[in-house]
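Below is one structure; the comments refer to it alone.
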Amino acid sequence: MIGVLGGTFDPIHFGHLRPALEVHECLGLRELRFIPSHVPPHRGAPVAAAGHRLAMVERAIAGVPGFTVDSRELDRPGPSYTVDTLRSLRNEIGSDGPLLLIMGLDAFASLDTWHRWREIPELAHIVVARRPGSSIPEHAAYLELAAVAESRSALEDRASGLVFFQSVTQLDISATGIREYLQAGRSPRFLLPDSVRRYINEHDLYQPDTEDPQ
Ligand code: ATP
């Protein structure tokens, strides 16, 4: 089974990496692909260029068995829709293998606002990484289209169309918070891998009063 985790990764941090590792382990994934997305430019936001965000993911996952990075969304001009990315992955891996789209509970709850979200069940399963003890949103619109899988093996038996709730350790870390620390001249140490912190320092990313245009 292949899992994919999309995000801006601006920068990638332990709040992404630890839940990803737990999903990878608990579901016995063959591969977990991080897919950095385009960031819509908004004024005043210090956002690292796509090449830097990709390089930081590469640094973060270096040496982690089964973790890979996929630059297809950055290789296409403009923002990509998840449904198009899933279709392009599906074309590559064929129609039989399970493909898992990993997301947090918040994203899952608002999935019905995504572009062509009704097509997702024919393309992938969804794995919702949730904090242990958090309640499952039984009335989420997506659950009208997709059944809840009770076990990992149910995901293996079909290529797409199920939802699985996976408890993971959640760390209250955000990329926004990390950028704010850096902007204030504070250290982001212990919130992200040292390799990523070094990359940020080497390339002067997110520094006070600097902008890194896309
Ligand atoms: P920003 O603060 O810039 O909005 P972010 O830290 O939320 O960024 P994204 O790259 O937007 O990171 O997130 C990618 C994916 O990872 C999303 O599905 C998001 O819900 C999830 N995610 C981000 N931070 C955490 C966290 N601390 N714990 C669990 N999931 C997270």
Side-chain angles (χ1 to χ4, degrees), residues 3-27 29 32-61 67-74 79-83 85-86 100-115 117 120 124-134 137 140 142 163-184 186 188 190-193 196-197 199-200 205-206 211-212 214:
V4 297
L5 177 62
T8 52
F9 304 126
D10 187 25
I12 190 166
H13 52 70
F14 288 138
H16 303 123
L17 290 159
R18 180 66 211 177
L21 182 72
E22 292 184 18
V23 168
H24 184 266
E25 279 181 351
C26 293
L27 297 182
L29 301 188
L32 195 151
R33 284 194 205 190
F34 291 80
I35 308 190
S37 56
H38 278 283
V39 182
H42 43 282
R43 223 182 37 204
V47 168
H52 285 316
R53 293 185 291 109
L54 179 63
M56 288 188 282
V57 175
E58 284 168 350
R59 301 279 186 298
I61 67 170
F67 276 18
T68 61
V69 61
D70 184 320
S71 64
R72 77 186 60 215
E73 292 197 2
L74 302 179
S80 313
Y81 292 114
T82 296
V83 69
T85 301
L86 292 175
L100 277 51
L101 175 63
I102 302 162
M103 64 181 66
L105 203 50
D106 291 0
F108 181 71
S110 61
L111 196 55
D112 57 336
T113 62
W114 291 20
H115 184 66
W117 63 280
I120 295 176
H125 296 309
I126 290 186
V127 173
V128 183
R130 67 183 185 104
R131 195 184 295 274
S134 62
Y142 195 80
V163 179
F164 187 72
F165 292 91
Q166 173 67 51
S167 290
V168 295
T169 304
Q170 295 232 339
L171 304 167
D172 191 8
I173 301 171
S174 74
T176 305
I178 291 173
R179 294 195 302 270
E180 284 171 359
Y181 283 139
L182 287 158
Q183 285 256 301
R186 294 176 61 186
F190 309 134
L191 298 175
L192 37 61
V196 176
R197 195 169 52 87
Y199 186 93
I200 289 171
L205 302 181
Y206 315 116
E211 274 198 30
D212 196 353
Q214 288 263 43

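Nothing fancy with the numbering, it's 1 onward along the sequence. Both counts, for ligands and for their atoms, begin at 1 and track the order of listing.
Distances below 4.0 Å separate heavy atoms of I173 from the following atoms of ligand 1: 24 (N), 26 (C), 27 (N). Heavy-atom proximity to T176, at under 4.0 Å, picks out these atoms of ligand 1: 1 (P), 2 (O), 3 (O), 4 (O). Each of the following atoms of ligand 1 lies closer than 4.0 Å to a heavy atom of F9: 10 (O). Close contacts of ligand 1 with G7, meaning ligand atoms under 4.0 Å from a residue heavy atom, involve 10 (O), 14 (C). Each of the following atoms of ligand 1 lies closer than 4.0 Å to a heavy atom of G6: 14 (C), 15 (C). Counting atoms of ligand 1 from 1 in the listed order, those under 4.0 Å from a heavy atom of R179 are 3 (O). Remark: ligand 1 atoms within the under-4.0 Å shell around heavy atoms of S174 are 2 (O), 6 (O).
Across E180, M103, H16, heavy-atom proximity to atom 13 (O) of ligand 1 is greatest for H16. Comparing G15, S37, P19, G177 against atom 25 (C) of ligand 1, the shortest heavy-atom distance belongs to G15. Compare A175, P11, A129, P36 by their heavy atoms: the one nearest to atom 5 (P) of ligand 1 is in A175. Counting only non-hydrogen atoms, the option in V128, I12, V57, T8 that gets closest to atom 11 (O) of ligand 1 is T8. Closest to atom 27 (N) of ligand 1 by heavy atom, among T169, L171, D172, V168, is L171.
For atom 19 (C) of ligand 1, the nearest protein heavy atom is 4.0 Å or more away. Distance screen at 4.0 Å: atom 1 (P) of ligand 1 has a protein heavy-atom neighbour inside the cut-off.
The shortest distance between side-chain heavy atoms of F164 and L100 does not fall below 4.5 Å. Here the side chains of L5 and V23 are not in contact, with every heavy-atom distance at 4.5 Å or above.
Annotation for P79 and H38: closest pair CA-CB, 3.9 Å, computed over non-hydrogen atoms. The two residues R53 and P36 have their closest heavy-atom pair at NH1-CB, 4.4 Å. For A48 against Y206, the heavy-atom pair with the smallest separation is CB-OH, 3.4 Å. Heavy atoms only, all atoms of each residue included: L27 and Q166 are closest at CD2-OE1, 3.8 Å.
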| query | Could you walk me through whether L32 and I102 pass the side chain to side chain contact (heavy atoms under 4.5 Å, CB included) check? | reply | CA-CA 9 Å; L32 195 151; I102 302 162; 3.7 Å; yes

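Within 6.0 Å of CZ on F165 lie more than 12 heavy atoms contributed by other residues, nucleotides or ligands. Crowding of F14 atom CZ: a count of heavy atoms from other residues, nucleotides or ligands under 6.0 Å exceeding 12.
Taking the six-membered ring where tryptophan is involved, the planes of Y142 and W117 are tilted, since the angle between them lies from 30° to 60°.
In terms of protein heavy-atom proximity, atom 24 (N) of ligand 1 is closest to H13 CE1, 3.5 Å.
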